[in-house]
K.L.:
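Could you have a look at this structure, given as structure tokens, before my questions?
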Amino acid sequence: QARDVSAQQAGLNYALQQMEKSETEYKADAQRVTDTEKIIGQKKKQLAEEQKKAELSRKSYLEAKEKVNKAQAALDRAWKE
């Protein structure tokens, strides 16, 4: 009977060690998930800002291109006259 108790105690100790190891791993993994979610949130905000800036610069480019086209057309007409 003492041998059974000793074996049961050893089994419990092993299970406790495994639980502690698993808990440590889980906490580390959960922290990495939290950290990654934070980074994703920051990157989404950065992406939105960069998309807005890119749209503004695209509009500025198109307006400048239109002015160049009009100026070129006026120059072409002046040369023909």
Side-chain angles (χ1 to χ4, degrees):
Q1 188 177 10
R3 198 182 298 173
D4 286 346
V5 171
S6 179
Q8 293 296 325
Q9 186 63 46
L12 175 61
N13 288 341
Y14 178 78
L16 286 171
Q17 289 174 350
Q18 291 303 109
M19 183 186 75
E20 289 171 2
K21 181 181 173 186
S22 296
E23 181 182 22
T24 300
E25 186 176 346
Y26 161 67
K27 286 181 178 180
D29 290 343
Q31 185 59 52
R32 283 191 290 275
V33 168
T34 299
D35 293 346
T36 301
E37 287 172 340
K38 183 178 179 182
I39 291 168
I40 290 171
Q42 293 168 342
K43 292 296 184 182
K44 283 183 178 182
K45 182 179 178 184
Q46 180 182 353
L47 175 61
E49 291 169 356
E50 290 174 359
Q51 286 173 325
K52 183 177 180 180
K53 183 178 177 185
E55 181 59 24
L56 292 174
S57 64
R58 184 183 75 82
K59 287 180 181 180
S60 177
Y61 161 71
L62 291 176
E63 289 170 4
K65 184 178 176 183
E66 183 62 26
K67 287 178 183 177
V68 166
N69 289 341
K70 287 181 180 180
Q72 183 66 52
L75 181 61
D76 290 348
R77 284 192 304 274
W79 276 103
K80 289 179 183 178
E81 293 177 358

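Please read all numbers here as calculations on a predicted model, not as lab measurements.
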K.L.:
Taking side-chain contact (heavy atoms from CB on, under 4.5 Å) as the definition, give me every residue that meets it alongside Arg58, ordered by chain and number, with sequence neighbours left out.
P.N.:
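Arg58 satisfies side-chain contact (heavy atoms from CB on, under 4.5 Å) with Glu55, Leu62 once adjacent residues are dropped.
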
K.L.:
We want to know whether Asp35 and Gln31 form a side-chain donor-acceptor pair, criterion being a heavy-atom distance below 3.5 angstrom.
P.N.:
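Checked: Asp35/Gln31 side chains pair up, N/O donor to acceptor below 3.5 Å.
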
K.L.:
Which residue pairs pass the salt bridge (charged side-chain N to carboxylate O under 4.0 Å, His left out) test with at least one member in residues 43-54, sequence neighbours excluded?
P.N.:
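Salt bridge (charged side-chain N to carboxylate O under 4.0 Å, His left out) check on residues 43-54 returns no pairs.
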
K.L.:
Got a sec, which hydrophobics cluster with Leu16, joining ILVMFWY side chains under 4.5 Å apart, including via others?
P.N.:
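Its cluster mates, by chain and number, are Leu12, Met19.
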
K.L.:
Quick check: are there more than 12 heavy atoms from other residues, nucleotides or ligands sitting under 6.0 Å from CD of Gln8?
P.N.:
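No.
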
K.L.:
Kindly indicate whether the side chain of Lys21, heavy atoms from C-beta on, has any atom under 4.5 Å from the side chain of Gln17.
P.N.:
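Lys21 does not reach Gln17 side chain to side chain.
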
K.L.:
Please output the side-chain donor-acceptor pairs of residues 67-81 that fall under 3.5 Å, not counting sequence neighbours, one pair per line with the distance.
P.N.:
{"residue": "Asn69", "atom": "ND2", "partner": "Lys65", "partner atom": "O", "Å": "3.4"}
{"residue": "Gln72", "atom": "NE2", "partner": "Asp76", "partner atom": "OD1", "Å": "2.9"}

K.L.:
List, by chain and then residue number, the residues other than Tyr26 in its hydrophobic cluster (Ile/Leu/Val/Met/Phe/Trp/Tyr, side-chain heavy atoms under 4.5 Å); write none if there are no others.
P.N.:
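Its cluster mates, by chain and number: none.
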
K.L.:
List the residues meeting side-chain contact (heavy atoms from CB on, under 4.5 Å) with Asp29, not counting sequence neighbours, and say none if there are none.
P.N.:
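Glu25, Arg32.
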
K.L.:
Decide, yes or no, whether a salt bridge links Lys27 with Glu23 under the criterion of side-chain N to carboxylate O below 4.0 Å.
P.N.:
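Yes.
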
